[in-house]
Amino acid sequence: MAQITKDMTIGEILMTDFDVAPILMSMGMHCLGCPASQGESLEEAAMVHGLDANVIEKAVNEFLADKAKTDAEIKAGE
């Protein structure tokens with residue numbers, strides 16, 4: 001199962017699973033397409049936007065865990 005950390009860059013997080021983009025944007029990180037954001041860690045980007053990186057990290061990892069569980073259930077049903 002994929003997981004992210006707040007030390008990962010925004011670019012690395014999006015490469016892990018691009019489906020996390022709406023989560024990041026809904027939390028106030030509207031700069032995903034900005035070239036600078038691709039090299040910033042989640043923690044750095046959150047700080048710039050006045051957000052809590054731990055909250056974002058948890059939300060993204062919960063999404064990824066749910067997605068992995070759903071994918072496994074679909075595969076088991078095939």
Side-chain angles (χ1 to χ4, degrees):
M1 168 182 68
Q3 283 197 319
I4 63 119
T5 67
K6 61 186 175 188
D7 297 325
M8 292 173 73
T9 66
I10 300 299
E12 290 171 329
I13 292 169
L14 293 173
M15 284 190 294
T16 299
D17 191 326
F18 193 76
D19 289 340
V20 303
I23 296 168
L24 298 173
M25 292 186 71
S26 73
M27 295 186 144
M29 299 185 78
H30 301 122
C31 60
L32 300 181
C34 173
S37 75
Q38 299 304 302
E40 280 184 322
S41 70
L42 173 60
E43 189 166 39
E44 292 166 334
M47 184 175 50
V48 168
H49 292 286
L51 303 169
D52 185 338
N54 294 316
V55 171
I56 299 168
E57 179 184 41
K58 181 180 177 189
V60 170
N61 283 329
E62 286 175 356
F63 168 81
L64 293 172
D66 288 345
K67 185 175 181 183
K69 181 180 175 186
T70 300
D71 289 348
E73 289 170 353
I74 290 170
K75 187 172 181 169
E78 291 178 349

Nearest heavy-atom neighbours spanning [X] and [Y]:
X   : Y   : result
M8  : Q3  : SD-O, 4.1 Å
G28 : H49 : O-ND1, 3.9 Å
A21 : L32 : O-CD1, 3.6 Å
M29 : A46 : CE-N, 4.0 Å

Heavy-atom distance under 4.5 Å between the side chains of [X] and [Y], does that happen here?
X   : Y   : value
D7  : L42 : no
K67 : D71 : yes
V60 : T16 : no

Tell me whether [X] shares a hydrophobic cluster with [Y], the cluster being built from Ile, Leu, Val, Met, Phe, Trp, Tyr side chains joined at under 4.5 Å.
X   : Y   : answer
M47 : L51 : no
M15 : V20 : no
F63 : V55 : yes

Atom pair [atom1] ([X]) and [atom2] ([Y]), whose distance is rounded to the nearest 0.5 Å:
X   : Y   : atom1 : atom2 : value
I74 : K69 : CD1   : NZ    : 12.5 Å
E40 : I13 : CD    : CD1   : 11.0 Å
K6  : N61 : NZ    : CG    : 12.0 Å

Between L24 and L14, is the side chain to side chain contact (heavy atoms under 4.5 Å, CB included) condition met? List the steps. CA-CA 10 Å; L24 298 173; L14 293 173; 4.3 Å; yes
